[in-house]
Amino acid sequence: MVAIKRKASFNPKSFLAKVGEGRSIGAYRSNQIVFSQGDPADAVFYLQNGKVKLTVVSEQGKEAVVAIHGTNEFFGEGCLTSQARRIATVTTLTESVIVRLEKAAIIRVIHEEPAFSEMFIAHLLGRTLRVESDLVDQLFNSSEKRLARLLLLLANFGKEGKPEPNIAKISQETLAEMIGTTRSRVSFFMNKFRKLGFIHYNGSIEVYSSLLNLVLHDEPHIETEHI
């Protein structure tokens, strides 16, 4: 009787944790650039550990923080479309471990491994929903609620996995850029949150689940037409 050799099950996390064909892993110090706006877009990155921020600089030289990504998130996936050059700069906010997946390597594994494809598609869908939520947040919520929501997202509340209440040191200028307000307003709200017992900060920021009450109370409701 001929034994049938079965293909070993594919583990996406294990695949991303090892160096291999088209894969490399790098340790980054805090405030180190991963790639810059205008660089060739030739790889996707996976944040094994740490936090990074995405910034864009306009032709007039104005810089804006457009996103912050944390552990187990992908970034730089624009290279899989027609994006030939990076449209943003990615800089680490903390010491980070980052996996670099060359474009050919990630395209190959997407085609060959359903488990990885499922994980990557879930990431893309989650990112799309996050962008939509950010837009609703900007259109309908006050700057106070936008700040509360951002702090909760940075602390991983509402995401897959356990919350990480301790947020690495992020400047009030960066928080202000992300929610579209001034640093003085952010400082006012941070002091208010601290006095109410929603957060604690002394260098790093510690976010408590009670901050959820501020975001959930009187949340904007979008009506849909009934057919």
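Predicted model, so just to flag it, every value in this text is computed and none were measured.
- At least one donor-acceptor pair under 3.5 Å links the side chain of T92 to the backbone N or O of R29.
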Exercise for the section: Could you please spell out the steps behind the ring pair (Phe, Tyr, Trp, His ring centres under 6.0 Å) verdict for F198 and Y208? Expected result: CA-CA 5 Å; F198 294 158; Y208 304 130; 9.2 Å; no
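- A tilted orientation is assigned to the rings of F75 and F35, their planes being inclined by 30° to 60°.
- Side chain of R23 to backbone of K18: a donor-acceptor contact under 3.5 angstrom is found.
- The salt bridge (charged side-chain N to carboxylate O under 4.0 Å, His left out) check on E77 picks up R127, with sequence neighbours excluded.
- Residues forming a salt bridge (charged side-chain N to carboxylate O under 4.0 Å, His left out) with K192 (at least two apart in sequence, or on another chain): E144.
- Distance check, rounded to the nearest 0.5 Å: CG of L211 to CZ of R149 gives 12.5 Å.
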Practice task
Could you check F74 against F45 for ring pair (Phe, Tyr, Trp, His ring centres under 6.0 Å), going step by step and ending with a plain yes or no?
Solution key: CA-CA 6 Å; F74 291 92; F45 294 82; over 10 Å; no
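- A donor-acceptor contact shorter than 3.5 Å is absent between the side chain of T91 and the backbone of I33.
- Listed for the T89 side chain is a donor-acceptor partner under 3.5 Å among the backbone atoms of Q37.
- In this structure, Y28 has no ring-ring contact (aromatic ring centres under 6.0 Å, His included) partners at least two apart in sequence or on a different chain.
- Although no hydrogens or angles enter the test, the distance criterion places a donor-acceptor pair under 3.5 Å between the side chain of T81 and the main chain of G78.
- For residues 170-194, no residue pair satisfies the ring pair (Phe, Tyr, Trp, His ring centres under 6.0 Å) rule, not counting sequence neighbours.
- In this structure H200 satisfies the ring-ring contact (aromatic ring centres under 6.0 Å, His included) test with no other residue, sequence neighbours excluded.
- Checking S171 against T174 by side-chain atom types alone, a donor-acceptor pair falls below 3.5 Å.
- In this structure, CG on L101 lies 9.5 Å from SG on C79, to the nearest 0.5 angstrom.
- Residues satisfying the salt bridge (charged side-chain N to carboxylate O under 4.0 Å, His left out) criterion with E63, sequence neighbours excluded, are absent altogether.
- Taken from CG in L147 to CG in L175, the straight-line distance is 6.0 Å, to the nearest 0.5 Å.
- Heavy-atom contacts from other residues, nucleotides or ligands closer than 6.0 Å to CG of N31 number 12 or fewer.
- The pair D134-R146 fails the salt-bridge criterion, with no side-chain N (NZ, NE, NH1 or NH2) lying under 4.0 Å from an Asp/Glu carboxylate O.
- In this structure, F15 and F10 have tilted ring planes: the angle between them lies in the 30° to 60° band.
- A donor-acceptor contact shorter than 3.5 Å is absent between the side chain of S187 and the backbone of R183.
- Looking at S96, its side chain does come within 3.5 Å of a backbone N or O of T94 through a donor-acceptor pair.
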Practice task
Show the numbers, then the answer: is there a side chain to side chain contact (heavy atoms under 4.5 Å, CB included) between I25 and Y46?
Solution key: CA-CA 9 Å; I25 300 176; Y46 175 74; over 6 Å; no
